[in-house]
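Note that the numbering runs from 1 along the sequence shown for the chain.
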Amino acid sequence: MNSELEKLIELTLADGQLTDKERTVLFRKAKELGVAEDELEIVLDGKLFALQRNSQSNSVKYGDVKKCPSCNAQINSFSSVCGDCGYEFRNIGANTSVKELSQKLDNVVSECGIKSYKHMVGRGYGDEETARRDDITAKQKYVIKNFPVPNTREDILELLYFIQPKIEIGFRADKNVFDWRNKYREIINRAKSSYRSDKKVFEEIAQMESNLKNSNTIGYIVCLYSTSSAMFKWVLSMLGIMAGCGIAYLILKIFNIK
């Protein structure tokens with residue numbers, strides 16, 4: 001690894017985090033120095049993992065707490081605040097699935113941010129940015145579909161709350177709304193099994209499942225078109241033009257219009 005790049009990596013990880021902007025800068029610098037992207041990715045993943053492990057070793061997950069240390073009241077394993085005295089638990093080590101999924105999605109944006117899409121212009125795309133957005137959507141689709149459903153109760157609930165805003169059907173829906181909805185169903189099935197003995201949470205999960213099913217057909221059609229790739233919309237436009245020309249030709253033939 002290039003020494004100049006190593007120093008830059010240490011600086012960006014000084015606060016224990018790696019933002020999208022910092023990641024983009026690192027990949028751009030690596031490209032300038034002739035360092036392979038996969039090599040940089042391995043180094044970053046290793047350093048981030050080490051930082052996260054060190055942080056977790058000095059922390060206690062609130063999901064493991066069974067009694068409030070302030071008033072000794074019994075609490076639910078996923079609670080962040082004691083219902084009796086209001087004591088707030090600092091959840092430092094939990095929510096690992098949400099963090100991992102967010103990181104994977106951010107990585108896709110960073111990787112696509114430094115790629116060139118000039119070769120796509122004119123092939124259904126009017127500019128590079130449109131091609132880049134479609135590529136990001138396709139790669140994030142793969143991440144969503146293959147992301148494993150967590151086993152711990154805390155992670156299951158947090159992941160449900162994280163995905164919930166992304167499953168809304170409408171003209172401004174998330175580009176991968178249908179994949180989010182499939183993943184949401186998977187997690188709900190796991191959640192129903194995990195919280196079967198907790199009536200209050202089980203009812204909340206059942207309501208989430210009910211809300212997922214309440215989507216009208218028109219909304220689905222609008223959502224399907226609005227989330228389609230630019231290439232697919234271009235193909236639809238061409239088919240529409242061809243169909244229009246065909247209908248016009250038939251009308252002229254039927255009425256013998258010259």
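By the side chain to side chain contact (heavy atoms under 4.5 Å, CB included) test, Lys118 pairs with Ser116, Glu128, sequence neighbours left out. Residues satisfying the salt bridge (Lys or Arg N to Asp or Glu O under 4.0 Å) test with Lys183, not counting sequence neighbours, are Glu186. A search for salt bridge (Lys or Arg N to Asp or Glu O under 4.0 Å) contacts involving Glu32 returns Lys29, not counting sequence neighbours. Applying the salt bridge (Lys or Arg N to Asp or Glu O under 4.0 Å) criterion to Asp179, with sequence neighbours excluded, gives Lys141. Asn182 is linked by a side chain to side chain donor-acceptor pair (under 3.5 Å) to Arg185, counting only residues two or more places apart in sequence or in another chain. The salt bridge (Lys or Arg N to Asp or Glu O under 4.0 Å) check on Lys31 picks up nothing, with sequence neighbours excluded.
Separating the CD atom in Gln140 from the CG atom in Leu105 is a distance of 5.0 Å, to the nearest 0.5 Å. Atoms CD and OG1, from Glu158 and Thr152 in turn, are 9.5 Å apart once rounded to the nearest 0.5 Å. Taking CD1 of Ile144 as the reference point, atom CD1 of Ile163 lies at 8.0 Å (rounded to 0.5 Å).
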### Task
Could you please spell out the steps behind the side-chain hydrogen bond (donor to acceptor under 3.5 Å, both in side chains) verdict for Thr96 and Asp155?
CA-CA 7 Å; Thr96 56; Asp155 269 358; 2.9 Å; yes
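Across every non-hydrogen atom of Cys112 and Asp135, the tightest pair is SG-OD2, 3.6 Å.
Note on Glu209 versus Lys192: salt bridge recorded, some NZ/NE/NH1/NH2 to OD/OE distance being below 4.0 Å.
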